[in-house]
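In what follows, every chain begins at residue 1, and chains take the letters A, B, ... in the order their sequences are listed. Please read these numbers as outputs of a predicted model, since none were measured by experiment.
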Amino acid sequence: MSEYSEPTGQPGGAPPAPLWEVFVRARRGLAHTHVGSLHAADAELALRNARDLYTRRQEGVSIWVLPAAAITASSPDEKDAFFDPAADKVYRHPTFYEVPEGAAHL
Amino acid sequence: MRDLLLAGNLLHPLEIDVLSCNTWGMYGNDFPADDTAGGLLGEVEAAEMALRAAAERGRHGSAGADPAAYFAEVVAADQKVEPRDWMPEAYRATLIRQIAQHAHSEIIGMQPEGNWITRAPSLKRKAILLAKVQDEAGHGLYLYAAAETLGVSRDELVDLLLAGRQKYSSIFNYPTLSWADMGTIGWLVDGAAIVNQVPLCRCSYGPYARAMIRICKEESFHQRQGYEILHTLAHGTPAQREMAQDSVNRWWYPSLAMFGPPDTDSTHSAQSMAWKIKRFSNDELRQRFVDMCVGQAEVLGLTLPDPALRWNDERGAYDFTQPDYAELMRVIKGAGPCNRQRMEHRRRAHREGAWVRAAAAAYAAKQANKKEPAKQKEKVA
């Protein structure tokens, strides 16, 4: 991406504000869902910016923000190897088992 | 068109690819008026359902030995490409340019309407206009965030805009001379933008498609509020009616030009089509827009300023006069009525906001320093 990194003579040069990932709980009873990201100097500002950016139309009743740098993600390149151990364990699903005729409440 | 621009050495190479894409001239927004409700809004919902369905289908296998083939498979199957997937560098670069230009358009697009906030004719109209301009800021931020997933920072993109090395939609280089322009921008400019943007909800790049779905859904009010302003004026005093008609006269052709150069001059779009970034050609979208507007203008009781506008039975579409593409090129070059003003304003706003960013950073650093010793104390205790 070097073509985007050439100096442009703009003032500033301050380090960019950290990136935060935003999670919103739409309604009581639902889990927080990732909705996007934003930049903010600290957690408090991130929370306020998230409110202004992602809940302008009452999309949520609760917001989490967390520093993007704090997230450890699995790599798509090793997706298969990483998730392989689960692939051959069909006995983890109830449909693997044959229920004898007449057995109820199973 | 690419050759034309290169020959004239008019633009920095960075901008050229974007110009030949239909989305170069758009910004975030909106929905058509009532008579097409369910049409475009329905398309957005369909796009969202398709996105979920594709996710359900899943993909077996992985990039593995041949990432290029895997990428092609994912695109062919209408699956989404995600940030950490392998992708061709040209795909990445095209997306960065397009999304950045779209984001810049949202940010610059706040100015023509910001011009009327203090002069809105009622508190209600003022509150609506404020909300609309705030949405545009929000859309810019969603889009910068989508661009950042491709490995470029927002600060870099902002620098490129301020340095004049990336463009924004040329429509914002036209002035907003009357209150009626707030109506016409909502109806025609946002209307053209939404016709451009609805197909982008199906873009092959996941973060961009999701941002577009969010933008399109959220913005259903923009076009309607504009249409309502025009409807009110068109049914008001003769002077108000005249103001509305004058506004439509000024914005009609620049709105048609938002779809970009005619297909015959748009040489770069084949690749974007193949990558499923772009779904329809400039001329197809322009035609769709004209066909929508004719009926809407009739309901307003206003005239679209095109004597050649008439229904063509054979084509099943309206014949219309093309916008002046030479004018479009001049405005893109920087010779539009407001190019300099828009850029000066943005640079000044960025400069004058520097102390706010610096203060927030200083406060964050200070708070972090305060916490550190406290933590250490706890450990000792």
Side-chain angles (χ1 to χ4, degrees), chain A residues 1-22 24 26 33-59 65 67-69 71-84 87, chain B residues 13-14 59-64 67 82-86 89 92-93 96 100 131 134-135 137-138 141-142 144-146 148-166 207 210-211 214 217-218 221 347 350-351 354 357-365 367-368:
Chain A
M1 290 293 116
S2 60
E3 69 176 302
Y4 296 102
S5 309
E6 292 164 29
T8 56
Q10 285 304 312
L19 188 66
W20 301 77
E21 298 299 334
V22 182
V24 171
T33 307
H34 184 242
V35 292
S37 52
L38 53 77
H39 288 279
D42 59 27
E44 196 183 332
L45 271 178
L47 205 53
R48 284 173 179 275
N49 291 353
R51 178 200 61 191
D52 292 344
L53 192 53
Y54 291 106
T55 61
R56 287 196 299 283
R57 290 176 177 79
Q58 298 183 297
E59 289 94 336
V65 290
I71 293 177
T72 307
S74 65
S75 160
D77 301 337
E78 56 193 47
K79 185 180 78 147
D80 283 4
F82 192 72
F83 294 107
D84 243 3
Chain B
L14 264 177
R59 288 295 300 162
H60 296 293
S62 68
E82 295 296 342
R84 297 183 69 193
D85 290 342
W86 181 91
E89 271 315 301
R92 185 187 298 276
I96 290 176
Q134 191 189 10
D135 273 351
L141 293 177
Y142 301 156
Y144 283 128
E148 285 194 310
T149 64
L150 290 157
V152 63
S153 80
R154 186 178 78 188
D155 289 9
E156 285 173 279
L157 297 177
V158 169
D159 277 358
L160 285 168
L161 170 67
L162 296 181
R165 291 178 55 205
Q166 279 184 339
R210 291 190 289 269
R214 189 179 183 87
K217 283 173 110 175
E218 194 174 81
F221 97 86
R347 289 195 186 103
H350 192 71
R351 202 167 54 236
R357 296 188 292 276
Y363 180 78
Q367 295 303 111

**Request:** Select one option (side chain, backbone, both, neither) describing which atoms of A:A43 are under 4.5 Å from chain B's heavy atoms.
**Result:** neither

**Asked** Tell me, side chain or backbone of A:L38 under 4.5 Å from chain B's heavy atoms, or both, or neither?
**Response** neither

Measure across [X] and [Y] and return the closest heavy-atom pair with its distance rounded to 0.1 Å.
X      : Y      : value
A:R56  : B:G138 : NH1-CA, 3.9 Å
B:A364 : A:A41  : CB-O, 3.4 Å
A:A73  : B:R84  : CB-NH1, 3.2 Å

**Request:** Nearest 0.5 Å please: distance from the NE2 atom of A:H39 over to the CG atom of B:D155.
**Result:** 6.5 Å

**Prompt:** Just how far is it from atom OG of A:S37 to atom CZ of B:R154, taken to the nearest 0.5 Å?
**Reply:** 9.5 Å

Tell me, for [X] versus chain A, whether the close heavy atoms (under 4.5 Å) come from the side chain, the backbone, both or neither.
X      : result
B:A360 : both
B:E148 : side chain
B:R357 : neither

**Listed partners of A:R48 passing salt bridge (charged side-chain N to carboxylate O under 4.0 Å, His left out), at least two apart** = none

**Short side-chain to backbone donor-acceptor contact, B:Y142 and A:Y54, under 3.5 Å** = no

**Item:** side-chain contact (heavy atoms from CB on, under 4.5 Å) between A:L53 and B:Q134, worked out
**Value:** CA-CA 9 Å; A:L53 192 53; B:Q134 191 189 10; over 6 Å; no

